[in-house]
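Ligands are counted one by one from 1 in listed order, and the atoms in each one are counted from 1 as well. Both backbone and side-chain heavy atoms feed into the values below; hydrogens, waters and symmetry mates do not. Remember, predicted model here, so these are calculated numbers, not experimental data.
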Amino acid sequence: MPVTSTLAIEADGLVKTFKDTRAVDGVDLEVPRGSVYGVLGPNGAGKTTTIKMLATLLRPDAGRARVLGRDIVGEADQVRGLVSLTGQLASVDDDLTGRENLVLLGRLLGYRPKDARVRAAELLAAFGLEDAAGRLVKNYSGGMRRRLDIAASIVVTPELMFLDEPTTGLDPRSRNQVWDIVRALVGEGTTVLLCSQYLDEADQLADRIAVIDHGRVIAEGTPGKLKASVGQGALHVRLLDPGRREEAAAILGPDIHREPDPAALTVPVAGADQASELVAALTASGLELASFSLAQPSLDEVFLALTGHPAEEEENAA
Ligand SMILES: Nc1ncnc2c1ncn2[C@@H]1O[C@H](COP(=O)(O)OP(=O)(O)OP(=O)(O)O)[C@@H](O)[C@H]1O
Ligand SMILES: [Mg+2]
């Protein structure tokens, strides 16, 4: 069978039901090769179930999908050999050291002992884990653990990688490290399907995003398009002199929101350009700022705009 599609993943009407929960309810996806594709949605939206089907860990009840040109049901073994899993899907052994995990995986993937040790050493260095290499994984911090998870999944550079919430629960520094690793992988030609609950993560990494809710794709496009559908971000300013807040309010316009903090104001803005113009206008009027920041819309706001309901967790009847 020719495998020439420019799409790494083509899914058509995927469905998966668990008892009376329709976890995935007709998902279509088209993921171009060489890109990062974000699947964004709240708890229980069906993200993990979708990638488990694409990774051949779960059999769909209905629908079809091709991954790297192979059918996920009819050619499941081939798909399994080509993709790599991390995060909520697969993980390393807690009772081995970081180095032992990587060497073991290298051996399982067919490296000779010496080559497995060389590859493990390269990855430990690349992921900043050299000092921790000899420690048991159960004593790793969350960030070290997550980096080791990703290192483990690229012992052999995969064509396609599923990353399921790779930074949930990490501190900002560790999140940035993981993001850098993902960018480096994509630089080497790997296609990444990234599930996340964070709009900012998808915004940092993804070329395109599908937003899913209740097992369905409710929006698809570039991060810019998605944010534009919400309309805006917000400029938050805090004045040095709370007594001058009304002067600032007059400059920022009628849409301002007066924060409980008497020195603070928030105003919706179309983007960074408008935010910096407003900051400049304030300072030009002699209003000194203690701080200002530009917040992009949150996933909650995106959801509210797309669905009319907040992205709160559903209570599932047991
Ligand atoms: N093995 C299972 N048996 C029964 N129900 C399941 C099973 N796996 C998932 N579900 C249900 O299917 C729905 C989708 O779950 P899924 O794990 O795909 O969501 P998710 O988007 O990955 O959420 P999270 O962000 O919390 O990881 C949920 O209602 C979940 O409770
Ligand atoms: Mg999940």
Item to check | Region of P42 engaging ligand 1 - heavy atom pairs below 4.0 Å | outcome: backbone
Item to check | Note: D25-R216 ion pair, threshold 4.0 Å (strictly below) | outcome: yes
Checklist entry - Atoms of ligand 1 less than 4.0 Å from T21 heavy atoms? => result 12 (O), 29 (O)
Checklist entry - Heavy atom under 4.0 Å from ligand 1: found in Q197's side chain, backbone, both, or neither? => result side chain
Item to check | Where A210 and V217 come nearest, the two heavy atoms and their spacing | outcome: CB-CG1, 4.1 Å
Checklist entry - In terms of side-chain geometry, is the basic nitrogen of R33 or E159 positioned less than 4.0 Å from the acidic oxygen of its partner? => result yes
Item to check | ligand 1 N/O within reach of T49 N/O, cut-off under 3.5 Å | outcome: yes
Checklist entry - Going by an N to O cut-off under 4.0 Å, is there a salt bridge joining R175 and E201? => result yes
Checklist entry - Charged N to carboxylate O under 4.0 angstrom, D149 versus R146? => result no
Next on the checklist: Measuring from atom 28 (C) of ligand 1, which candidate in G215, G44, G41 has the nearest non-hydrogen atom?
Outcome noted: G44
Item to check | T49 near the Mg ion (ligand 2) via N/O/S, less than 2.8 Å | outcome: no
Checklist entry - Below 4.0 angstrom, N of the basic side chain to O of the carboxylate: do D94 and R145 qualify? => result yes
Next on the checklist: Taking 4.0 angstrom as the limit and counting only heavy atoms of E165, give me the atoms of ligand 1 inside it, by number and element.
Outcome noted: 24 (P), 25 (O), 27 (O)
Item to check | A45, any N or O under 3.5 Å of ligand 1 N or O | outcome: yes
